Amino acid sequence: MPKPLDHVFFTNSGSESVETALKMTIAYHRAKGNGAKTRLIGRQCGYHGVNFGGISGNRKMFGSLLTGVDHIRDTHDIERNAFSRGQPEYGAEFADDLLNVIKLHDASAIAAVIVEPMAGSTGVLIPPKGYLERLRKICTENDILLIFDEVITGFGRLGSPFAVDHSGVVPDMVTTAKGITSGTVPMGAVFVSSSIYEAFMQGPEHVIEFFHGYTYSGHLLACAAALGTLETYEEEGLMTRGAELEDYWADALNSLRDHPHVIDIRNLGLIGAVELEPIAGEPTKRAFSAFLEAFEQGLMIRTTGDIIALSPQLIISKAQIGELFGILGNVLKSVD
Ligand SMILES: Cc1ncc(COP(=O)(O)O)c(C=O)c1O
């Protein structure tokens with residue numbers, strides 16, 4: 001678990017983990033006598049799954065859904081940070097957007113901020129140096145709970161068990177899924193601090209503390225898969241393998257730097273992105289062509305907008321990394 005968050009609530013997916021955490025923040029403030037703290041803050045380029053709270057960022061497609069939601073800017077800034085290896089230098093001040101939201105609504109109206117410590121699905125957006133620290137400080141000063149959505153970063157992706165370990169920044173809650181069973185059986189988990197847990201545990205023993213749960217929370221099969229997975233991670237040192245491979249991975253990724261269409265390359269742990277210049281007037285088309293061409297050449301890539309996101313299995317070998325970038329290099333040379 002992401003220490004020191006030592007209490008866990010089991011779910012069946014990342015979306016359910018996010019929904020659980022968001023509800024928990026509102027219920028927590030109520031339990032502490034701060035019932036007006038209900039607003040939820042996300043980031044513009046964020047992805048938190050497909051449940052009600054999670055998709056409240058996707059207003060273009062689904063309207064406003066949850067009310068009382070605001071978004072601060074994401075940290076994507078290739079004008080200043082293009083081709084940075086690891087965490088980029090510039091952008092800690094993006095966290096100050098939260099101060100504007102506080103100025104607008106007052107901290108007494110805000111329950112929580114949810115961010116992916118490294119945004120995956122929206123194109124591998126690496127947190128600038130100092131950014132998460134600044135967000136933490138503003139949240140603490142204003143009694144706003146900070147949620148790290150670690151559905152992608154949890155369980156080894158950044159070369160440490162969690163982004164919490166990688167960054168040293170401790171949020172109030174961490175949402176997870178995917179890696180907890182290595183995707184073998186659906187499962188998710190929300191980790192919370194003791195102080196949040198204790199806030200709910202004030203009533204008599206026979207009364208339900210938090211009216212929320214799923215039939216399959218902590219399902220036996222999922223628990224067995226999770227225990228087996230965690231054992232394998234430990235036996236094979238997979239929670240830190242991303243750190244061991246990071247330089248090799250970054251070198252291989254950066255070998256694509258001078259290939260056609262490439263306007264940025266970024267990496268952290270065992271994740272990386274190649275951003276392509278969009279075709280004028282036809283955004284996403286170039287990356288989609290690359291996706292089709294890569295598939296033809298035996299490589300499965302994930303594209304989002306004109307960004308190719310690469311997040312290989314933690315057991316990938318150096319030879320396979322070489323093969324991956326060999327094919328991707330050919331793909332970039334062949335797409336228009
Ligand atoms: C950061 C993040 N949160 C939540 C989710 C949703 O997870 P699920 O698809 O398991 O509901 C995802 C899925 O990719 C994700 O990347």
Side-chain angles (χ1 to χ4, degrees), residues 2 8-25 40-58 61-62 65-66 69 71-72 74-76 112-127 131-132 135 146-158 161-164 166-167 169 171 173-192 212 214-219 221-222 225-226 229 268-273 300-305 307-314:
V8 62
F9 190 104
F10 289 111
T11 70
N12 305 289
S13 67
S15 299
E16 286 185 4
S17 293
V18 166
E19 205 79 352
T20 299
L22 294 177
K23 285 175 69 178
M24 227 181 239
T25 64
L40 303 167
I41 318 296
R43 273 194 310 204
Q44 277 162 7
C45 261
Y47 181 69
H48 300 291
V50 292
N51 283 0
F52 211 51
I55 57 167
S56 290
N58 198 346
M61 184 158 281
F62 299 110
L65 294 170
L66 268 192
V69 170
H71 288 87
I72 58 175
D74 55 76
T75 60
H76 197 33
V113 172
I114 181 166
V115 295
E116 300 153 88
M118 187 239 34
S121 300
T122 52
V124 186
L125 312 181
I126 317 269
Y131 172 82
L132 295 173
L135 214 48
L146 179 61
I147 307 169
F148 276 3
D149 184 350
E150 293 222 38
V151 168
I152 285 185
T153 52
F155 302 98
R157 178 55 52 197
L158 301 185
F162 295 91
V164 174
H166 186 272
S167 64
V169 177
M173 298 185 189
V174 165
T175 52
T176 64
K178 298 190 196 290
I180 194 168
T181 60
S182 194
T184 51
V185 177
M187 190 180 207
V190 182
F191 296 94
V192 305
H212 173 87
Y214 303 99
T215 300
Y216 300 119
S217 285
H219 190 279
L221 179 60
T229 302
L268 198 66
L270 203 50
I271 197 163
M300 183 75 169
I301 57 173
R302 158 83 149 80
T303 60
T304 181
I307 300 163
I308 298 170
L310 301 161
S311 180
Q313 300 90 330
L314 299 174

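Predicted model, so just to flag it, every value in this text is computed and none were measured. Each ligand, and each atom within it, is numbered from 1 in the order the structure gives.
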**Request:** Determine, using heavy atoms of Gly120 and all atoms of ligand 1, whether some pair is separated by less than 4.0 Å.
**Result:**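 Gly120 does not count as a contact of ligand 1 under the 4.0 Å cut-off.
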
**Message:** Looking at ligand 1, is there an atom of it that comes within less than 4.0 Å of some heavy atom belonging to Glu150?
**Reply:**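 Glu150 does not count as a contact of ligand 1 under the 4.0 Å cut-off.
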
Taking [Y]'s backbone N and O only, do any of them form a donor-acceptor pair with [X]'s side chain (distance below 3.5 Å, no angle check)?
{"X": "Glu116", "Y": "Arg43", "answer": "no"}
{"X": "Thr176", "Y": "Ala189", "answer": "yes"}
{"X": "Thr304", "Y": "Ile307", "answer": "no"}
{"X": "Thr175", "Y": "Val190", "answer": "no"}

**Full working for side-chain hydrogen bond (donor to acceptor under 3.5 Å, both in side chains) between Arg157 and Ser311** = CA-CA 8 Å; Arg157 178 55 52 197; Ser311 180; 3.2 Å; yes

**Prompt:** Is it true that atom OH of Tyr214 has more than 12 heavy atoms of other residues, nucleotides or ligands lying nearer than 6.0 Å?
**Reply:**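 Yes, OH of Tyr214 has more than 12 neighbouring heavy atoms, counting only those of other groups under 6.0 Å.
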
Which ligand 1 atoms, with their elements, are less than 4.0 angstrom from a heavy-atom of [X]?
{"X": "Ser13", "value": "10 (O), 11 (O)"}
{"X": "His48", "value": "3 (N), 4 (C)"}
{"X": "Lys178", "value": "13 (C), 14 (O)"}
{"X": "Ser121", "value": "14 (O), 16 (O)"}
{"X": "Val151", "value": "1 (C), 2 (C), 3 (N), 4 (C), 5 (C), 12 (C), 15 (C)"}
{"X": "Ile152", "value": "16 (O)"}

**Message:** Among all the protein's non-hydrogen atoms, which is closest to atom 12 (C) of ligand 1, and how far away is it?
**Reply:**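 For atom 12 (C) of ligand 1, the nearest protein heavy atom is Tyr47 CE2, 3.5 Å.
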
**Message:** Among all protein heavy atoms in this structure, tell me which lies nearest to atom 11 (O) of ligand 1, with the distance rounded to 0.1 Å.
**Reply:**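 Looking at atom 11 (O) of ligand 1, the protein heavy atom closest to it is Ser15 OG, 2.6 Å.
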
Ligand 1 and [X], any nitrogen or oxygen pair closer than 3.5 angstrom?
{"X": "Glu116", "result": "no"}
{"X": "Gly14", "result": "yes"}
{"X": "Asp149", "result": "yes"}

**Message:** Using every non-hydrogen atom in the two residues, find where Val151 and Gly14 come nearest and quote the distance to one decimal.
**Reply:**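 Closest pair (atom of Val151, atom of Gly14, distance): CG2-CA, 3.7 Å.
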
**Request:** Before giving the answer on side-chain hydrogen bond (donor to acceptor under 3.5 Å, both in side chains), spell out for Ser17 and Thr11 the whole-Å C-alpha distance, their side-chain angles and the decisive distance to 0.1 Å.
**Result:** CA-CA 6 Å; Ser17 293; Thr11 70; 2.8 Å; yes

**Prompt:** Centres of the Phe155 and Phe162 rings: under 6.0 Å?
**Reply:**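 Here the rings of Phe162 and Phe155 have centres that are less than 6.0 Å from each other.
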
